[in-house]
Every structure is written in C-alpha cells, then in structure tokens.
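To start, the structure itself, in structure tokens.
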Amino acid sequence: MMDDILVLVEHRQGEVRDITFEMLGKGRQLAASQGAKLTAVLLGSGSGKLAEQVASQADTVEVINHEAYADFNSDTYQRALANLIAEREPLLCLIGHTSYGIDLAPSLATQLSVPLITDVVDLNLDSGSIVATRMVYGGKARARVRAKSPGAIVTVQPGAFTAAESGAKGEIITTAGSLPGEKARKRFLEFIEAASEGVDIAQSEIVVSVGRGIGDPKDIPLVEELATALGAVLACSRPVVDKRWLPKSRQVGISGKTIKPKLYLAIGISGAFQHLSAVKGSGMVVAVNKDPKAPIFRAADYGIVGDLFKVVPALTERIRQAKNGK
Ligand SMILES: Cc1cc2nc3c(=O)[nH]c(=O)nc-3n(C[C@H](O)[C@H](O)[C@H](O)COP(=O)(O)OP(=O)(O)OC[C@H]3O[C@@H](n4cnc5c(N)ncnc54)[C@H](O)[C@@H]3O)c2cc1C
C-alpha cells in the first residue's frame with residue numbers, strides 16, 4: 001500500500017510522552033506532502049483515554065489492546081508491530097529514539113528486513129525516498145542518509161521536531177491483540193521513578209540555568225543567589241552534571257529534562273542543540289554569555305554579552321532592589 005505513515009505512540013505510567021506528539025507533527029507534514037495517511041499505533045491495555053489525546057493529531061489511531069501491552073516490552077511490542085507492518089507495508093514508520101525505541105527498533109527492522117535509520121533530527125521524502133539527517137559520533141557530527149528502499153523504520157531524537165495541533169479528529173479503531181506462539185522472553189517488573197531530590201525543574205515558572213562557563217563549582221552560589229532573588233529554581237547544562245557539580249535531576253536537555261518555564265535564564269551556556277531543544281517551549285529566553293557568537297543568542301529573546309561574574313551579581317542586586325521597591 002505504501003501510502004501510510006505509521007507513528008508508534010510512546011506512553012508511560014498512563015501518559016502519552018511528548019516524543020509522540022513531535023513525531024506526529026513531523027508525520028503530518030510528510031503525509032501532507034505525499035498525500036499519505038498518518039496513522040498512530042497505540043499498543044496498550046484499556047488505553048481509550050490515551051487514544052483520544054492522540055486522535056486530534058492523526059488520521060487514524062489504531063489501538064491494539066492486550067494486557068501484555070500495558071507497559072512497554074520490546075519483545076511483545078515487536079511481535080505486534082512486525083505483524084502490523086508486514087501487513088500494511090507503510091511508507092515509513094516513526095519510533096522515538098528513546099530508551100524504548102532504542103530497545104525495539106533495531107531488532108524489529110532486522111526481523112522485517114527493512115532499512116533502519118536511527119537518531120534522526122531531520123527527515124524528508126524526496127520523490128518518495130526517505131532522506132534523513134542523523135547524529136553520529138555521539139552527537140558531534142551529522143550525516144545525511146538516504147534509505148535504499150521504502151518502508152524504513154526511523155527513530156526520532158526527542159526535541160528534534162515540533163508538535164502541531166492539526167485540529168483533525170482521527171478515527172479510533174480498536175482491535176484485540178493476541179500473543180500466539182512462545183511466551184514473552186522479557187517481563188515488565190516495575191517502574192521506578194528516578195529520585196528528584198525534592199526539586200522538579202520542569203514545574204517551575206522561572207528557571208535559572210548555569211553552564212560550564214561558571215568554571216568552578218565554588219562559584220555556583222553566585223548563580224543560585226540570582227535564582228533565589230527571582231523565585232526561580234536552579235538548573236544546569238550537562239557538563240555541570242558530568243563534573244558532578246550539580247545532580248542529574250537539575251539537567252536541562254535531551255538527556256536531562258525538557259522544560260517550559262515562563263522565563264529561562266541561561267548563564268554561561270553556549271546553546272548546543274541538545275540543550276536548546278529542551279527549552280524551546282519557554283515563554284522567554286534570556287542569555288548571559290561573554291562570546292557574542294555563542295549560538296544561545298540565536299535562540300534568546302534577550303541577550304547580555306558580558307562576563308557572568310560581573311553581570312550576574314549586578315542582575316541579582318537590581319532584582320533585589322526592585323523587590324524592595326527601590
Ligand atoms: C547524546 C548527547 C546528549 C546530550 N544531552 C545534553 C543535555 O541533555 N543537556 C545539555 O546541556 N547538553 C547535552 N549534551 C551536550 C551538549 O552537546 C553540549 O556539550 C553542552 O550543552 C554544553 O554545555 P555548556 O553550554 O554548559 O558548555 P560550553 O559549550 O562549554 O559553553 C560554555 C559557555 O560559557 C561561556 N562562558 C565562559 N566563561 C564565561 C564567563 N565568564 N561569562 C559568560 N560566559 C562565559 C562560553 O562563551 C561558552 O559559550 C549532549 C550531547 C550529546 C552528544
């Protein structure tokens with residue numbers, strides 16, 4: 001048939017993950033350019049509510065219902081999807097480049113003998129053939145690749161695409177799943193939430209983030225004081241976590257948290273793609289950096305080019321004065 005674009009709905013703990021909506025946003029764009037149909041595939045157990053959430057962004061939501069699909073299991077998921085994909089022969093199948101997708105997609109593609117393109121940050125259909133940009137060498141370089149045959153499975157990097165409300169009202173088709181054949185080789189045991197040390201940076205309306213530009217952990221309190229003056233939480237970029245200056249729960253970015261505060265202040269952060277894609281939903285971005293060419297300034301609404309050791313104390317002081325009515 002080759003006229004379907006399939007998107008695998010990723011859900012966890014009864015919630016559709018953002019990556020699903022990002023893939024549907026891109027899928028919608030590609031489907032429109034090809035006159036193709038956008039189908040969201042939801043493997044779940046009693047997941048009617050999740051299907052409703054996705055229906056506004058796809059032409060069809062195919063729910064395959066089975067208690068074995070309540071929680072992610074690459075083994076049972078692979079069996080269900082292999083059948084569906086073999087039957088449908090879609091033009092393209094999008095799966096999140098997440099811990100789930102990384103577990104599932106390679107073995108699914110191998111079973112189906114279809115091309116696999118992983119960690120994709122851009123995607124196009126050029127006369128029906130799939131052209132993708134993917135991260136290589138741990139994100140240090142990008143490669144442009146073309147699938148040799150249609151029907152590729154593509155894993156999409158979180159944050160690479162934007163979710164878009166289509167206003168459509170997709171049809172929800174529910175079928176009962178079955179698990180014939182041998183017993184599942186993997187079993188879902190339990191979900192353990194990572195400890196967040198009481199602070200959830202994704203919940204705060206104002207976030208002040210410190211980057212490698214701070215240079216020394218003893219100076220982090222300087223930025224923390226600014227955060228306190230603003231009633232903000234303190235967050236950071238990945239190198240600050242890698243150096244163990246702040247805990248992982250404070251990390252903003254694709255391998256940390258995606259945040260959407262009303263105000264985001266980036267202090268001594270260069271603005272790498274992996275960082276910026278996790279703050280693009282912020283109301284306003286303000287950056288302080290001594291390098292006028294830092295990429296963060298392209299994403300910022302306001303930028304201060306200067307030494308953070310001068311700018312940050314001055315900002316803190318000014319905010320304190322404003323609060324005291326001076
Ligand atoms: C697979 C993968 C996942 C990743 N996930 C994440 C992620 O989740 N989050 C994340 O943040 N990164 C992530 N990264 C890393 C990312 O690519 C960047 O390396 C990182 O974001 C850089 O952090 P930074 O901006 O703090 O440091 P740098 O890039 O070193 O920037 C420091 C900045 O501080 C400025 N500066 C220095 N001194 C001063 C001063 N005195 N005053 C003002 N400015 C100053 C410099 O001009 C510079 O722009 C990931 C990378 C990979 C490959």
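Remember, it's 1-based here, ligands and their atoms both numbered in the order they're listed.
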### Query
What do the steps show when you test S209 against Y264 for side chain to side chain donor-acceptor pair (under 3.5 Å), and what is the final call?
CA-CA 8 Å; S209 233; Y264 183 65; 2.8 Å; yes
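- Using modelled atom types and a 3.5 Å distance limit, the side chains of S255 and R238 yield a donor-acceptor pair.
- Partner of F21 under the side chain to side chain contact (heavy atoms under 4.5 Å, CB included) criterion, chosen from V7, V9, V16: V16.
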### Task
Go through L92 and I130 one step at a time and tell me if the side chain to side chain contact (heavy atoms under 4.5 Å, CB included) criterion holds.
CA-CA 8 Å; L92 172 70; I130 298 159; 3.7 Å; yes
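- If you look at ligand 1, the protein residues with a non-hydrogen atom under 4.0 Å away are G138, G139, G211, R212, G213, S237, R238, P239, Q251, V252, G253, I254, S255, G256, G268, I269, S270, A272, Q274, H275, N289, K290, D291, G306, D307, L308, F309.
- Partners of R212 under the salt bridge (charged side-chain N to carboxylate O under 4.0 Å, His left out) rule, at least two apart in sequence or in another chain, do not exist in this structure.
- F273 carries R142 over the face of its six-membered ring, with the cationic atom under 6.0 Å from the centre and within 45° of the normal.
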